[in-house]
Asker: 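Can you read through this structure? Questions will come right after.
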Amino acid sequence: MPRNIQLLVIDPQNDFCDLPAAWQPVDALTGQHTAPTLPVPGAHADMQRLAQFIRNQGDQLDGITVTLDSHQRFDIAHPGFWQTGAGADVAPFTPITAAQVRAGDYTPRDTTALPRTLGYLDALEAQGRYTLMVWPVHCEVGSWGHGVHADVLAACGAWQLQRQRAVRNVFKGTNPWTEHYSAIEAEVPDADDEGTALNTALLQSLGQADVLLIAGEASSHCVRSTTEHIAQHLPRLVTGWQASRIVLLTDGMSPVGGFEAQHQAFLQAMRAAGAQLANMNEIRLQRLSIKC
């Protein structure tokens, strides 16, 4: 029986790629290069390998889904939302806890947002998955950084013409009141925004795959969260679906710098759950065997 093989590419965006200067656009007014704002070490090479993989074996792929981190400048996880108790700016890569906010160490610039902010932080920390991190402004909607890595974009475009079907794009992160690492569900869903709720349509689509290949950035955060949610939710939505259908393309993902331990823990946990780990330069989709 023919197998359904799908590729899920998580956030292959310019702001997450450590692109060399030659790959960065030049501002026509200043003459300065536009650099990625949250580059993941190794991501450029990851995306080049992924693009080559799509070009080489795209005839075996029945579907490609690309998720896109999509933020605005005003965001609970961006510096402009926050100030210190003394009124100073908050630097990127600052973790903020509910206890620190209650102590007055940090506060929203809009003081009327304090109750909602504390409610979010309490709910986030109760899950035990993440502490709020203030990231550099990244993947701002409409910006160059929001766009897909050029090689991956070109390879996906060629695949669309070859297979005569569209890539599925999934946008996440537009709600400024919750972090949205996972393409499946926001860290704390907003009851007034269905875009933050469990994305059952995406899950059902991915659940059609006999083989679900996963790559993207970053393995310590968005790849990790999305994959964990897939493994958690799909078995109850699709009869017979198991994590053994997942193949993590390990040379197509890298962690945010300083989060290497989270990357390793993620890979170990997924292997223990039954997922396969593979390198793209070694895998041959025609001969790939899946343990069901």
Asker: Between Asp251 and Asn281, is a side-chain contact (heavy atoms from CB on, under 4.5 Å) present by the stated rule, with each step listed?
Answerer: CA-CA 9 Å; Asp251 54 345; Asn281 64 344; 4.0 Å; yes
Asker: Considering all heavy atoms of both residues, which atom of Gln160 and which atom of Ala166 are nearest to each other, and what is their separation?
Answerer: OE1-CA, 3.5 Å
Asker: For a side-chain contact (heavy atoms from CB on, under 4.5 Å) check, start with the C-alpha distance between Asn14 and Leu19, then their side-chain angles and the critical distance, and finish with the verdict.
Answerer: CA-CA 8 Å; Asn14 290 322; Leu19 297 167; 3.9 Å; yes
Asker: Going by side chain to side chain contact (heavy atoms under 4.5 Å, CB included), name the residues that satisfy it together with Val26, two or more places apart in sequence or in a different chain.
Answerer: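 Scan of Val26 (side chain to side chain contact (heavy atoms under 4.5 Å, CB included), adjacent residues dropped) gives His33.
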Asker: I want to check something: taking the side chain as every heavy atom from C-beta on, are Thr65 and Val170 in contact at a cut-off of under 4.5 Å?
Answerer: yes
Asker: Kindly work out whether a path of hydrophobic side-chain contacts (I/L/V/M/F/W/Y, heavy atoms less than 4.5 Å apart) joins Leu50 to Trp23.
Answerer: no
Asker: Just checking, is any N or O donor in the side chain of His233 or Arg236 under 3.5 Å from an acceptor N or O on the other one?
Answerer: yes
Asker: Using every non-hydrogen atom in the two residues, find where Asp62 and Arg163 come nearest and quote the distance to one decimal.
Answerer: OD1-NH2, 3.8 Å
Asker: Please name the pair of heavy atoms, one in Val101 and one in Trp82, separated by the smallest distance, quoted to 0.1 Å.
Answerer: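 For Val101 versus Trp82, the nearest heavy atoms are CG2-CZ3, 3.8 Å.
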Asker: Among the clusters formed by ILVMFWY side chains lying less than 4.5 Å apart, do Phe81 and Val141 turn up in the same one?
Answerer: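 No, Phe81 does not connect to Val141 through the hydrophobic network.
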Asker: To the nearest 0.5 angstrom, please state how far the CG atom of Leu124 sits from the OH atom of Tyr130.
Answerer: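 Here the interatomic distance stands at 10.0 Å.
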Asker: Hey, can you pull the donor-acceptor pairs under 3.5 Å for the side chains in residues 35-48, sequence neighbours left out?
Answerer:
unit_1	atom_1	unit_2	atom_2	d
Thr37	OG1	Asp15	OD1	3.3
Thr37	OG1	Asp15	OD2	3.2
Thr37	OG1	Val137	O	2.9
His44	ND1	His149	NE2	3.0
Asp46	OD1	Arg49	NH2	2.8
Asp46	OD2	Ser254	N	3.3
Asp46	OD2	Ser254	OG	2.6

Asker: Has Thr227 got a side-chain atom pairing as donor or acceptor with Val223's backbone, closer than 3.5 angstrom?
Answerer: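 Pair found, side chain donor or acceptor close to backbone of Val223.
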Asker: Of all residues at least two apart in sequence or in a different chain, which pass the salt bridge (Lys or Arg N to Asp or Glu O under 4.0 Å) check with Arg102?
Answerer: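 Counting only residues at least two positions away or on another chain, Arg102 forms a salt bridge (Lys or Arg N to Asp or Glu O under 4.0 Å) with Asp122.
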Asker: Answer with yes or no whether the side chains of His146 and Ser70 bring together a donor and an acceptor at under 3.5 Å.
Answerer: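 The criterion, which ignores hydrogens and geometry beyond distance, is satisfied for His146 and Ser70.
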Asker: Please round to the nearest 0.5 Å and tell me the distance separating atom OG1 of Thr226 and atom CD1 of Ile10.
Answerer: 4.0 Å
Asker: I'd like to know if the side chain of Arg245 and the backbone of Ala209 have a donor-acceptor N/O pair within less than 3.5 Å.
Answerer: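 Yes, Arg245 side chain to Ala209 backbone: donor-acceptor pair under 3.5 Å.
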Asker: Evaluate the criterion side-chain contact (heavy atoms from CB on, under 4.5 Å) for residue pair His78 and Gln72; output intermediate values, then yes/no.
Answerer: CA-CA 9 Å; His78 283 167; Gln72 300 187 69; over 6 Å; no
Asker: Might you confirm whether atom CD of Glu194 has over 12 heavy atoms from other residues, nucleotides or ligands at distances under 6.0 Å?
Answerer: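 Counting neighbours around CD of Glu194, 12 or fewer heavy atoms of other residues, nucleotides or ligands fall under 6.0 Å, so no.
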Asker: Kindly indicate, with the supporting measurements, whether the criterion side-chain hydrogen bond (donor to acceptor under 3.5 Å, both in side chains) is fulfilled by Asn279 and Thr250.
Answerer: CA-CA 6 Å; Asn279 288 336; Thr250 54; 2.9 Å; yes
Asker: Specify the closest pair of heavy atoms between Ala278 and Val247, including all atoms of both residues, with the distance to one decimal.
Answerer: CB-CG1, 3.9 Å
Asker: What's the shortest heavy-atom distance between Ala155 and Ile54, and which atoms?
Answerer: O-CG2, 3.8 Å
Asker: Taking only residues two or more places apart in sequence, or in another chain, which ones meet Gln60 in a side chain to side chain contact (heavy atoms under 4.5 Å, CB included)?
Answerer: Leu285, Gln286
Asker: Once rounded to the nearest 0.5 Å, what's the spacing between atom CZ of Phe16 and atom CG of Asp11?
Answerer: 5.5 Å
Asker: Any side-chain heavy-atom pair from Asn4 and Gln6 closer than 4.5 angstrom?
Answerer: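 Yes, at least one pair of side-chain atoms sits under 4.5 Å.
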Asker: If I compare all heavy atoms of Ser220 with all of Pro255, which pair ends up nearest, and what's the gap?
Answerer: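 Looking at all heavy atoms of both residues, the closest pair is OG-CA, 3.7 Å.
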Asker: Taking only residues two or more places apart in sequence, or in another chain, which ones meet Asp193 in a salt bridge (Lys or Arg N to Asp or Glu O under 4.0 Å)?
Answerer: none
Asker: Taking atom CD as the centre, does Glu125 end up with more than 12 heavy-atom neighbours from other residues, nucleotides or ligands that are less than 6.0 angstrom away?
Answerer: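 More than 12 heavy atoms, drawn from other residues, nucleotides or ligands, come within 6.0 Å of this atom.
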Asker: Could you note down all residue pairs passing salt bridge (Lys or Arg N to Asp or Glu O under 4.0 Å) where residues 179-189 supplies at least one of them, sequence neighbours left out?
Answerer: Arg129-Glu187
Asker: Would you give me the side-chain donor-acceptor pairs under 3.5 Å for residues 256-275, sequence neighbours excluded?
Answerer:
unit_1	atom_1	unit_2	atom_2	d
Glu260	OE1	Gly258	N	3.2
Glu260	OE2	Gly258	N	3.2
His263	ND1	Ser219	OG	2.6

Asker: Between Thr84 and Asp105, do the side chains contain an N or O donor and an N or O acceptor separated by less than 3.5 Å?
Answerer: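 There is no such pair (donor and acceptor under 3.5 Å, judged by atom type) between the side chains of Thr84 and Asp105.
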Asker: To the nearest 0.5 Å, tell me how far Met253 CE sits from Arg224 CZ.
Answerer: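 These two atoms lie 13.0 Å from each other.
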Asker: Under a 4.5 Å cut-off applied to non-hydrogen side-chain atoms, are Leu121 and Thr97 in contact?
Answerer: no
Asker: Taking side-chain hydrogen bond (donor to acceptor under 3.5 Å, both in side chains) as the cut-off, I'd like each qualifying pair that reaches into residues 106-119, sequence neighbours left out, listed once.
Answerer: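 Passing the test, one end in residues 106-119: Asp89-Arg109, Asp110-Thr112, Arg116-Asp190.
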Asker: Are Leu153 and Phe53 connected in the hydrophobic side-chain network, where two residues link if heavy atoms are under 4.5 Å apart?
Answerer: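 Leu153 and Phe53: one cluster.
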Asker: List for me each residue that meets salt bridge (Lys or Arg N to Asp or Glu O under 4.0 Å) alongside Asp69, sequence neighbours excluded, and say none if there are none.
Answerer: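 Residues passing salt bridge (Lys or Arg N to Asp or Glu O under 4.0 Å) with Asp69: Lys172.
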Asker: Check the hydrophobic clustering (I, L, V, M, F, W, Y; side-chain heavy atoms under 4.5 Å; chains of links allowed) and say if Trp177 and Leu118 are grouped together.
Answerer: yes
Asker: Side chains of Phe93 and Trp135: closer than 4.5 Å at any heavy-atom pair?
Answerer: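 Result yes, sub-4.5 Å side-chain heavy-atom pair found.
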Asker: Atom CG in Leu68, atom CZ in Phe171: separation rounded to 0.5 Å?
Answerer: 5.0 Å
Asker: Find the distance between OG (Ser225) and CD (Gln232) and round it off to the nearest 0.5 Å.
Answerer: 11.0 Å
Asker: With a 4.5 Å limit on heavy-atom distance, are the side chains of Ile246 and Ile230 in contact?
Answerer: yes
Asker: Within the 4.5 Å heavy-atom criterion, are Arg284 and Gln57 side-chain neighbours or not?
Answerer: yes
Asker: Could you check whether any side-chain heavy atom of Leu213 comes within less than 4.5 Å of a side-chain heavy atom of Leu8, counting everything from C-beta outward?
Answerer: no
Asker: Quick one, Pro95 and Leu132 - any side-chain contact, counting heavy atoms below 4.5 Å?
Answerer: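 No, too far: nothing below the 4.5 Å cut-off.
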Asker: For Glu140, give me all partners under salt bridge (Lys or Arg N to Asp or Glu O under 4.0 Å), at least two apart in sequence or on another chain.
Answerer: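 Scan of Glu140 (salt bridge (Lys or Arg N to Asp or Glu O under 4.0 Å), adjacent residues dropped) gives Arg73.
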Asker: Enumerate the residue pairs fulfilling ring pair (Phe, Tyr, Trp, His ring centres under 6.0 Å) with a member in residues 196-218, sequence neighbours excluded, ordered by first and then second residue.
Answerer: none
Asker: Should Leu202 and Tyr181 be regarded as members of a common hydrophobic cluster, given that ILVMFWY residues are connected when their side-chain heavy atoms come within less than 4.5 Å of each other, either directly or indirectly?
Answerer: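 Each belongs to a different hydrophobic cluster.
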Asker: According to ring pair (Phe, Tyr, Trp, His ring centres under 6.0 Å), does anything in residues 188-207 pair up with another residue at least two apart or in another chain? List the pairs.
Answerer: none
Asker: Working note: Gln52 + Asp151, criterion side-chain contact (heavy atoms from CB on, under 4.5 Å); need CA distance, chi angles, decisive distance, verdict.
Answerer: CA-CA 8 Å; Gln52 190 62 51; Asp151 267 6; over 6 Å; no
